[in-house]
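Below is one structure, written out as structure tokens, with a few remarks after it.
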Amino acid sequence: MRKRRLGRSGIEIAPIVFGGNVFGWTADERTSHALLDRFVDAGFDCIDTADVYSTWVPGHQGGESETVIGSWLKKRGGRDKVVIATKVGSPMGDGRKGLSKGWIAEEVEHSLRRLQTDYIDLYQSHRDDPDTPVEEVLGAYARLIEQGKVRAIGASNFTAERLAESLAASARHGLPRYESLQPIYNLYDRSTLEGPLAELCLKEEIGVIPYYGLAAGFLTGKYRSEADLAKSPRGNGVKKYLTDRGMRILAALDGVASAKKATPGQVAIAWQLKKPFVTAPIASATSLAQLDELVAAAQLDLDPATILRLDQASD
């Protein structure tokens, strides 16, 4: 499988990233381990998670996803064969949040312990922290890189202006730069990334690993009416896509999928892989059947006319 460069970090990853938000939530530990085994055995290698996954579940404290990945790493071995990406900065309760140097230094130790590893391949700012100077944030990451605890850093949910400011600070002060960006992006949610942000990433050679690649499952065609929302615990997050535009997108996906002998979800991921500013979309699965469908998307080649058809349907 041909890998793609993650910015200028020297890290290369397969073209689909497994979204670990489901681990310890909609996929229990046993199922999660089976999914990770199948994902890696299929030739993929990058797993994305965050310290905050899954604080939204009653009784959870955060760190559940990292803990599941850590137990899998310990059981399977081969740490050097996978790329582990996690994040810091989202609220963990009791005021623990943000990107201050103190919190980054403290929370990285918790993530390393949960992941049962001595280094993180890609450590990401989960969201911008306007209350902490950019130089302080990057300086904290510089120390982690010097200590060998982090290989490269990335940003998530940053605007073009704030990402540019961070890149300028890195150059000005000789500090590590963000090598990746994790924005929301899919056939429905296009406006955040397309435009100035994508242009900046192309210009500065920033790797882009978008989340919500399947729009919380909507682009698989699983949800076509409000009655379908009860099919999954994630159903409530799909309601916003049940619009005329959403139905137009599904119709286009159905047409392409039929012509290509594929599924709508595979087409949605393959569409992203044709975008010059996308390195590897992030997508999740909670069953082996879903995962097999997902990884097959990397082999689906869409011609320019098909890309245009999908672009126009989702305009």
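All values below come from the heavy atoms of this structure, side chains included, with hydrogens, waters and symmetry mates left out.
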Requested in this report: Establish, for the pair Arg151 and Tyr119, whether the NZ or CZ atom is under 6.0 angstrom from the six-membered ring centre and no further than 45 degrees off its axis.
Outcome: no
Query raised in the report: Out of Asn157, Asp48, Asn21, which residue meets the side chain to side chain donor-acceptor pair (under 3.5 Å) rule with Tyr211?
Result: Asn157
Query - Heavy atoms from other residues, nucleotides or ligands near NZ of Lys101 exceed 12 (cutoff 6.0 Å) - result: no
Report task. Answer yes or no: does atom CG of Asp315 have more than 12 heavy-atom neighbours from other residues, nucleotides or ligands under 6.0 Å? Result -> yes
Requested in this report: Specify the closest pair of heavy atoms between Pro281 and Gln272, including all atoms of both residues, with the distance to one decimal.
Outcome: CB-OE1, 3.4 Å
Query raised in the report: Under 3.5 Å, is there a donor-acceptor pair linking the side chains of Glu29 and Ser71?
Result: yes
Query - Pairs flagged by ring-ring contact (aromatic ring centres under 6.0 Å, His included) wherever residues 74-104 is involved - sequence neighbours left out - result: none
Requested in this report: Answer yes when Glu146 and Arg143 have at least one side-chain N-carboxylate O distance shorter than 4.0 Å, and no when they do not.
Outcome: no
**Report entry** Arg79 (side chain) donor-acceptor with Val82 (main chain) under 3.5 angstrom
**Finding:** yes
Query raised in the report: Please, which pairs that meet side-chain hydrogen bond (donor to acceptor under 3.5 Å, both in side chains) have at least one residue in residues 35-46, sequence neighbours excluded?
Result: Lys3-Asp45, Asp37-Trp72, Asp37-Arg76, Arg38-Asp292, Asp41-Arg76
Query - Derivation and outcome, side chain to side chain donor-acceptor pair (under 3.5 Å), residues Gln124 and Tyr178 - result: CA-CA 8 Å; Gln124 303 160 96; Tyr178 289 127; over 6 Å; no
Report task. Could you please spell out the steps behind the salt bridge (charged side-chain N to carboxylate O under 4.0 Å, His left out) verdict for Asp129 and Arg162? Result -> CA-CA 10 Å; Asp129 179 3; Arg162 288 291 282 174; over 6 Å; no
Query raised in the report: Between Glu205 and Arg8, does at least one N-O distance fall below 4.0 Å, as a salt bridge requires?
Result: yes
**Report entry** Side-chain ion pair, Arg172 and Glu135, N-O less than 4.0 Å
**Finding:** yes
Requested in this report: Only counting residues at least two apart or in another chain, list the ones meeting salt bridge (charged side-chain N to carboxylate O under 4.0 Å, His left out) with Asp301.
Outcome: Lys274
Query - Intermediate values then yes/no, salt bridge (charged side-chain N to carboxylate O under 4.0 Å, His left out), Lys260 and Asp303 - result: CA-CA 11 Å; Lys260 298 290 184 180; Asp303 57 83; 3.2 Å; yes
Query raised in the report: Are the charged groups of Glu66 and Arg113 less than 4.0 angstrom apart, N to O?
Result: no
Query raised in the report: Is it true that Glu107 and Lys97 have a side-chain N and a carboxylate O under 4.0 angstrom from each other?
Result: no
Query raised in the report: Is the distance between the ring centroids of Phe23 and Phe18 under 6.0 Å?
Result: yes
Query raised in the report: Is it true that Lys275 and Asp311 have a side-chain N and a carboxylate O under 4.0 angstrom from each other?
Result: yes
Query - Salt bridge flag under 4.0 Å for residues Arg96 and Asp51 - result: no
Report task. Go through the steps for Arg127 and Ser156 under the test side-chain contact (heavy atoms from CB on, under 4.5 Å), then give the verdict. Result -> CA-CA 6 Å; Arg127 55 194 73 254; Ser156 179; over 6 Å; no
